[in-house]
2 protein chains.
Amino acid sequence: MSPSQPRDRGIPEATVARLPLYLRALHGMAERGVATVSSEDLAVAAGVNSAKLRKDLSHLGSYGTRGVGYDVEYLVYQISRELGLTQDWAVAIVGVGNLGRALANYGGFVSRGFRVAALVDADPEVVGDTIAGLNVEHIDELEAVIKRRGVSIVVLATPAAAAQEVCDRVIAVGVTSILNFAPVVLSVPDTVDVRKVDLSIELQILAFHEQRKAGGPLMAVDSQ
Amino acid sequence: MSPSQPRDRGIPEATVARLPLYLRALHGMAERGVATVSSEDLAVAAGVNSAKLRKDLSHLGSYGTRGVGYDVEYLVYQISRELGLTQDWAVAIVGVGNLGRALANYGGFVSRGFRVAALVDADPEVVGDTIAGLNVEHIDELEAVIKRRGVSIVVLATPAAAAQEVCDRVIAVGVTSILNFAPVVLSVPDTVDVRKVDLSIELQILAFHEQRKAGGPLMAVDSQ
DNA sequence: GCGACTTTGTGCATCGGTTCACAAAGGGCT
DNA sequence: AGCCCTTTGTGAACCGATGCACAAAGTCGC
């Protein structure tokens with residue numbers, strides 16, 4: 001780390017959101033034995049503009065070689081490190097309904113640095129079941145489980161009505177990163193990061209554009 | 001439609017993405033019997049800034065009353081109409097693994113204008129099963145099913161390797177809106193809208209910020 | 001019917017992000 | 001060793017989105 005290290009402790013949010021994309025493309029290339037890649041090729045693989053890709057990478061440091069491109073392995077390492085994937089993150093999933101179950105079994109979680117360390121639910125019917133090799137624990141044990149397993153990221157897959165309460169409780173025991181699948185706006189202190197995934201919102205956005213294409217509500221057909 | 005109708009056939013993308021949020025907050029208020037709401041209150045409920053909310057709504061038209069606020073029912077109707085939720089959208093889910101199953105059973109889909117009209121999978125083991133009241137059809141029937149059921153939005157919940165092929169096939173029969181859960185960058189003509197939901201990317205973004213809080217990679221411990 | 005009060009709708013400054021376009025840097029061929 | 005070719009890294013213009021702050025518009029009480 002002696003040579004170039006302009007790692008600006010301020011990487012733009014938009015860049016952070018794309019790094020995982022680059023990482024995935026790079027993993028694919030590494031598996032296919034590609035040693036070196038140009039910004040142009042990597043940009044195509046990740047579905048972005050090459051200038052944007054270069055600017056994104058330049059925020060991490062100067063890891064390319066002019067006239068050649070980027071060393072795939074090295075770049076994988078640098079991005080992984082920047083994203084914090086060189087360490088192991090323990091994730092708890094709260095709410096083991098259909099979605100929670102799907103998440104527990106989702107391979108993509110485990111794949112890169114994340115480990116589902118606990119499943120928690122309120123329904124006595126499912127508490128005690130084994131899902132994806134894990135015992136489902138009771139919601140009363142929430143705080144204890146989080147501490148015991150060193151959980152630092154919580155995935156909320158509860159019904160909407162329960163989300164805020166669970167959220168408050170995990171924050172109270174020190175969790176500061178939450179991935180929320182419940183269709184509610186969580187209120188949290190601003191030291192806590194919440195990311196939200198909302199299936200129904202995504203569909204609504206698609207419907208909006210689809211409607212536009214088909215011709216709007218009180219619109220005559222209008223090819224544009 | 002005689003009075004105010006400045007509905008600018010160009011609503012900013014950022015606004016479109018927030019309309020579903022407002023709609024949800026408004027539905028909650030309607031259920032609680034609230035008749036009228038100010039931009040300030042609605043903004044709080046949706047978790048945004050009130051000036052932003054007013055500007056967003058102003059893109060749809062001038063539906064508020066100064067000194068009073070917005071009529072909840074009326075605004076629900078206007079936003080629904082703008083998003084195209086006053087019509088019924090038939091959705092097909094391709095890939096009935098854990099995730100596809102969870103999506104099929106997800107209440108939020110049906111709730112507002114969307115109807116899961118078909119389930120399709122390649123695995124003979126699940127073809128013929130009934131999930132969420134629907135028969136799972138074979139992938140060979142994909143095109144036929146889409147046409148027969150009038151599907152206009154396709155949800156891809158297949159393994160990554162199958163996603164592009166399914167995508168090409170549904171586009172070939174006229175689908176122009178796709179919600180992709182597979183961790184791949186789909187390549188599509190630009191007449192087609194793709195929205196992507198990627199669980200693993202969301203986690204990686206959280207990990208990045210979590211790492212920052214805990215003290216960066218080559219940083220000493222720093223409590224905050 | 002009038003004045004005080006409330007709340008919308010928007011002009012304007014600002015900001016973050018995207019894209020272009022090119023100079024600087026490095027590799028490889030002769 | 002020197003030249004040419006490729007590709008990076010970034011300055012600068014541009015674009016869309018955000019948020020402030022206020023005038024215009026309308027309600028409600030008297």
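Order of the sequence lines fixes the chain letters, A, B, ..., with proteins taken first and strands second; residue numbering starts at 1 for each chain.
Taking 4.0 angstrom as the limit, B:Y70 places a side-chain polar atom (N or O) nearer than this to OP1 or OP2 of C:dG9. Residue B:R54 places none of its side-chain N or O atoms closer than 4.0 Å to OP1 or OP2 of D:dA21.
Just one of B:Y77, B:Y22, B:Y74 meets the ring-ring contact (aromatic ring centres under 6.0 Å, His included) condition when paired with B:Y63; it is B:Y74.
Map A:A14 and B:V68 each onto its nearest nucleotide of DNA chain C; the residue landing nearer the 5' end is B:V68. The residue among B:D56 and A:G69 whose nearest nucleotide of DNA chain D is located toward the 5' end is A:G69. Closest-nucleotide positions on DNA chain C for B:G67 and A:R66 were compared, and the one nearer the 5' end corresponds to B:G67.
One can place CG of B:N49 at 14 Å from C1' of C:dT14, the figure rounded to the nearest angstrom. As a whole-Å value, the separation of A:Y22 OH from D:dT8 P is 13 Å.
Listed nucleotides: C:dG26, D:dT27, D:dG19. Nearest to the side chain of A:T65: C:dG26.
Within the model, atoms OG of A:S177 and NZ of B:K213 stand 3.5 Å from one another, a figure rounded to the nearest 0.5 Å.
Looking at B:K55, its side chain has no donor and acceptor atom pair within 3.5 Å of the base of C:dG9.
For the residue pair B:E40 / B:S50, a side-chain donor-acceptor distance below 3.5 Å is found, with atom types taken as modelled.
Around the CD atom of A:E73, the shell of radius 6.0 Å holds no more than 12 heavy atoms that belong to other residues, nucleotides or ligands.
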